Protein chains: 2
Amino acid sequence: MARRSEHSLEEIREMVLNAAENIVIEDGVSALTVRKIALEIGYTVGSIYMVFANMADLILHLNARTLDDIAAQLEQVQEPDPEQCIEALAKAYLHYASTHFNRWHLIFEARLPEGATIPVWYQDKVDHLFSRVEARFAELAPQRAEAERKRAARAVWGGIHGICVLSLNGTLDRVGLYDVEESVVLLVRNFIHGWVAQGVD
Amino acid sequence: MARRSEHSLEEIREMVLNAAENIVIEDGVSALTVRKIALEIGYTVGSIYMVFANMADLILHLNARTLDDIAAQLEQVQEPDPEQCIEALAKAYLHYASTHFNRWHLIFEARLPEGATIPVWYQDKVDHLFSRVEARFAELAPQRAEAERKRAARAVWGGIHGICVLSLNGTLDRVGLYDVEESVVLLVRNFIHGWVAQGVD
DNA sequence: ACCTGAACACCGTTCAAGT
DNA sequence: ACCTGAACACCGTTCAAGT
């Protein structure tokens, strides 16, 4: 057969990512297979390997989309007060994780094949997410050293993520979404107050 | 062939779990397959299904061991001061996660098959881990309501876990182990100070 | 009763062959 | 140059058949 140039490689790439995204959204991480993607876009398995090196590469690019998506959501948050802003960012992250659970979950499922390293462009997207929080910590305590603020941002953001993981994955804790938000707010608020008040380093 | 009663079912069960544990420790989560376990213990694949319902069941029991192991490590922590104790528990958890990464990682990899629910005995083990931290929060603020203390314990423990996840998985953040410990301590200390000082609820 | 091992329905990945 | 589809080396799970 060898259907010729019905779509450009760029188009196929896009089709693959769209199909993969839908499969993950609808049927979860474990349902994502090359064969299912191929079926969905009307090509055969071999074609996928024209536009992605392998499954891990495909997932990496899918996750990149999700990171952009999360970034866009966080961008919506516009609180003037830095403390309230960090709180709102935390809530927005939790909200994204709970409403787009499967896509969010895929980010942390990704195990790069041995020896492989995360591409710089991907790491940049992650750093960009962190930078939002860091910037607010800078506003919160302009007099402190940058390294100190960075560590605070990482600690609190890691903390937020951890509560999301334990609560949403359901492996560790069964609790309503309302309670999760309460926990997140509790963590952020108390950490910031502790940090601002006496500057434990 | 049908080798008869060389080992009791109980013994085979133990052999399976031991083999599985070693495979995970040495070659990681993705290397854990029924065929590999069978090869390791000198039985065929079918035998595994005499002692475990399926792979998910096997992994659940492997994770139960890991939870016991973590609990035993946390039991070692004997700090009289509640704040320092929580800090030490956090460090011990981080230490376990980093030195037994593969086993720790498997706990959160487990996706129970659709419709399945976590057994009570397993959930009890998880609750037992949480209770250690809760008890210390109770000492920290005996006058506060139990629900409040539980939420604080969950928030801070989730937070500790999150920092471990983001740092150790390496998907999100590349940073030395020393820095991770600093972040964990930073989170715990500031959260507790904020929580004790003004009781944000 | 215990255990085998072949069979089934899947995976991801490769690549000679077709248009 | 683009794409196929069969082949390869794997999975987890089942179950008739052997001792």
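Everything numeric here is computed off the predicted structure, so don't read it as measured data. In the text below, chain A, chain B and the rest are named by the order of the sequence lines, each starting its count at 1.
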Open item on the list: Does this structure show an ion pair linking A:R65 with A:E14, if we count only N-O contacts that are shorter than 4.0 Å?
Closed with: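 Salt bridge between A:R65 and A:E14, a charged N being under 4.0 Å from a carboxylate O: yes.
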
- [ ] Considering only NZ, NE, NH1 and NH2 on the basic side and carboxylate oxygens on the acidic side, decide whether B:E83 and B:R136 come within less than 4.0 Å.
- [x]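 Salt bridge flag = no for B:R136 with B:E83.
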
Open item on the list: Return whichever of B:N54 or A:S47 has its heavy-atom-nearest nucleotide of DNA chain D closer to the 5' end.
Closed with: A:S47

Task: Residue closer to the 5' end of DNA chain D, A:R35 versus A:M50 (nearest nucleotide) - done: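 Between the two, 5'-proximity favours A:M50.
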
Interatomic distance, [X] [atom1] vs [N] [atom2] [rounded to whole Å]:
X     : N      : atom1 : atom2 : result
B:M15 : C:dC2  : CE    : P     : 15 Å
B:I37 : D:dT13 : CD1   : P     : 11 Å
A:Y43 : D:dT4  : OH    : C1'   : 12 Å
B:L58 : D:dT13 : CG    : C1'   : 13 Å
B:L39 : C:dC3  : CG    : C1'   : 16 Å
B:H7  : C:dA1  : NE2   : C1'   : 16 Å
B:K36 : D:dC10 : NZ    : P     : 11 Å
B:E10 : C:dA1  : CD    : P     : 18 Å

Task: Name of the residue among A:R154, A:K150, A:R151 meeting salt bridge (Lys or Arg N to Asp or Glu O under 4.0 Å) with B:E182 - done: A:R151

If you define the side chain from C-beta out and look only at heavy atoms, does anything of [X] sit under 4.5 Å from [Y]?
X      : Y      : result
A:Y49  : A:D57  : no
A:H193 : A:V188 : no
A:H105 : A:E109 : yes

- [ ] Nearest-nucleotide wise, let me know which of B:V45 and B:S8 is further upstream toward the 5' end of DNA chain C.
- [x]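 Whichever sits nearer the 5' end wins; that is B:S8.
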
TODO: Could you pick out which residue, A:A31 or A:G46, lies toward the 5' side of DNA chain C when each is mapped onto its nearest nucleotide?
DONE: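 Closest to the 5' end, via its nearest nucleotide, is A:A31.
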
Task: Nucleotide-level pairing of DNA chain D, given in dot-bracket where Watson-Crick and G-U pairs need both distances under 3.5 Å and | marks other strands - done: ||.|||||...|||||.||

Open item on the list: Once you apply a heavy-atom cut-off of 4.0 Å, does A:I12 come out as touching a base, just sugar-phosphate, or nothing?
Closed with: sugar-phosphate

- [ ] Select base, sugar-phosphate, or nothing to describe what B:I48 touches, counting heavy atoms under 4.0 Å on all strands.
- [x] nothing

Task: Nearest-nucleotide pick for B:Y49, side chain only, options being D:dG12, C:dG5, C:dG12 - done: D:dG12

Task: Selection from D:dC3, C:dG12, C:dC3 that lies nearest to any side-chain heavy atom of A:T33 - done: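 Taking heavy atoms from C-beta onward, the closest nucleotide is C:dG12.
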
Task: Step-by-step side-chain hydrogen bond (donor to acceptor under 3.5 Å, both in side chains) determination, B:Q123 to B:D127 - done: CA-CA 6 Å; B:Q123 187 62 51; B:D127 292 342; 3.2 Å; yes

